[in-house]
Every structure is written in C-alpha cells, then in structure tokens.
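These numbers were taken from a predicted model, which means no experiment stands behind them. Residue numbering restarts at 1 for every chain, and letters A, B, ... go by the order of the sequence lines. In what follows, every heavy atom counts, from backbone to side chain, and hydrogens, waters and symmetry copies are set aside.
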2 protein chains.
Amino acid sequence: MFSIGQLSKATGVKVPTIRYYEEIGLLPQPGRNAGNQRRYGQDGMDALGFIKHARDLGFSLEDIKVMMSIEGQLGEDCSEVHRIAEAQLSAVRARIARLERLAGELERITHLCGHGQGGDCKVLSALGDHAQCGSDHG
Amino acid sequence: MFSIGQLSKATGVKVPTIRYYEEIGLLPQPGRNAGNQRRYGQDGMDALGFIKHARDLGFSLEDIKVMMSIEGQLGEDCSEVHRIAEAQLSAVRARIARLERLAGELERITHLCGHGQGGDCKVLSALGDHAQCGSDHG
DNA sequence: CTTGATGCTCTAGTGACTAGAGGTCCTACA
DNA sequence: TGTAGGACCTCTAGTCACTAGAGCATCAAG
C-alpha cells in the first residue's frame, strides 16, 4: 500500500496533480485508511504510470480517458487506440512543421539587430510589419 | 475610423479577443462614438497588427507587453527586445527538439500494432510501460 | 421605419494544472 | 508517552489565452 506521496515520488507526478486526476475521474478513487488518507495498490501505481507516460507523449487527458476505458475491456478494440495514437502523431508532426517555420522567421528577425541603442529597433519594426516576413506563418 | 468588427476583419483577430486585449491593458482604450461603440484609428490598427504578428511567432502576451512598452520610447532599448526574441527562439528550438523525440516514439508505438482485435493491444502496453521506450522523453 | 447585423457588458467555461489557507494525521525520536 | 514536524486533508481561487453565451443597445441598408 502506497500513500499519495510515495506514489508521487515513484511516478514523478505531483501530489495535487494526482488528486486532480482523481477529481476529474481519470484515476479511480482509492481506498482510505482510518485517518481518511488515500492508500493505493499496484493497480493505482500502474494507472498513474500509464497516464504519466501518455502525457509525456503529448496525449490530452481526454484521449487518455478513452484509451484507459478501452484498456482492460474484453477484446480490446485496438483500432480506436491506434486511431488516437496516429492522430496524436500527425498533430505532433504538424506542430513541428509550424514551429520550424517560426524558428526560421525568429532567426531572421533577431539577426536584423546589431544591439544598437538607436531610435529604430529593427526587431520591433520586423514584428510590427508582417509584410517584411519571408514566410506566411499565422 | 474603424469599428471593432472592421479591425477584426483586417487583422484576423477575433472581436472578443480584441476586447480581451484591451481589458488586460495590452491595447490602449480607444475612443467611443455617441452610442458607446469603440472607434479605432490607424494607431490601434498598427498596435493590433504588432500583437497578432508576435502572437503568431509564439510570444506570450507578457513578452508582447514588454516589447510594446519599449516601442516608442525615446532611444528604444533594443537589447532588451533582442533578448526577448532570442529567448523565444531558443524556447521554440527546445520545443522542436522535444517534439521530434516524441514523434519518433509515437511512430514506433503506432507501428507495433497490426490493427488486430486480439486481447493484447501493443499500443496500450507500450504506453503503459515506459521501460519499452527507446527514448528518455519526459 | 423596420430588420438584421453588429455592438455592448457581464459571467462563466476551457485544459491542465498550481498555490494557498487552515486544518488533521502519522511517524520518529526522546 | 509526549511532541515536533512533515505529510496529508478539503476547499477556494489563480494561471494563460482565450471562447461561449445571455440579454440588451445601436447602427446601416432598404
């Protein structure tokens, strides 16, 4: 049996976050001891580990809820899980592509500047005027 | 003179968002007409354009506030603006690197699956067990 | 002069937590 | 057995950057 603090240390998920997951119904309510403190078993540990790993991979709590509801069902429907994972992958790829465009534009903008103290900051004017942009972000 | 709707159309920033920017002090309060409706001049248009462009580049509203307070000061301190822009660039680069690791792991996980309906979804077990991971994300 | 779009303020909700107040409980040590 | 201090409890409110909706007022075109 683990306390919430032990669970937190073991998984790297903060204590208030664990309580939050319970509040929104992502983690099942654990048993309590005589003093009303949460006591978790191995299943609680596993569930939180699953959530932590999926969060690290960028899945939303909503996605995780769906995947957890599928997990453990007789004859798990892998195709739904697969669909969620592929959607997540393509979302991540899209974010990377967008961020790369932004990085290029930011690089261009910061290079405009000679760190001068003169009255016309090129960075500011580059930010103010989209027409100066190379890319079509946004 | 522009109405809030015209400003919205011209900049691509939604009407409630413009009002929100005003509320948090990012946009100066514009004049009002006899019927208490906001009326903007070219300066309002420019300010909103600046915000839009900077937001598209991923700057926080807090960063934008600082940059706008610098803009227009006598002898703008370009070095501070430059610092903010470089910090933003390295934050974007870090996010890209992290997302690329995630994409690799997600790709690996989704490839585990043959879309079967059997009782052991490999995607789920890969998500549940970090030890199966190639990378050390998170 | 009417109609429908646009505008106004205000409140509340989103996601995924985080912070703090004010109290209770558990554990280790003397 | 007493006590100190850390861990735990609930509850409320705040974060960021909006978004949605209610219930009205105003504006512009026909």
Undergrad: What is the minimum heavy-atom distance between Ala47(B) and Leu27(B), and which atoms define it?
TA: CB-CD2, 3.8 Å
Undergrad: Using only atom types and a distance under 3.5 Å, with no angle test, would you say the side chain of Glu107(B) pairs donor to acceptor with the backbone of Leu89(A)?
TA: no
Undergrad: Might you point out which heavy atoms bring Thr11(A) and Gly49(A) nearest each other, and give the distance in Å?
TA: CG2-N, 4.4 Å
Undergrad: Measure the distance from CE on Met1(B) to P on dA28(D) and round it to the nearest whole Å.
TA: 14 Å
Undergrad: Starting at atom NZ of Lys9(B), determine the distance to atom P of dA5(C), rounded to an integer number of angstrom.
TA: 12 Å
Undergrad: Quick one, give me the B/S/- string for nucleotides 7-25 of chain C, reading 5' to 3', where B means a protein heavy atom under 4.0 Å from the base and S means that only happens at the primed atoms, P, OP1 or OP2.
TA: SSB------BBS------S
Undergrad: Atom CD of residue position Gln29(B) - does it have more than 12 heavy atoms of other residues, nucleotides or ligands inside 6.0 Å?
TA: no
Undergrad: Do Ile24(B) and Ile4(B) share a hydrophobic cluster (ILVMFWY, side-chain heavy atoms under 4.5 Å, transitive)?
TA: yes
Undergrad: If I take atom CG in residue Leu7(B) and atom P in nucleotide dT6(C), what distance separates them, rounded to the nearest angstrom?
TA: 15 Å
Undergrad: Do you know which two heavy atoms are closest between Gly41(A) and Met1(A), and how far apart they sit?
TA: N-SD, 4.2 Å
Undergrad: Whole Å only: how far is the OH atom of Tyr40(A) from the C1' atom of dA7(D)?
TA: 14 Å
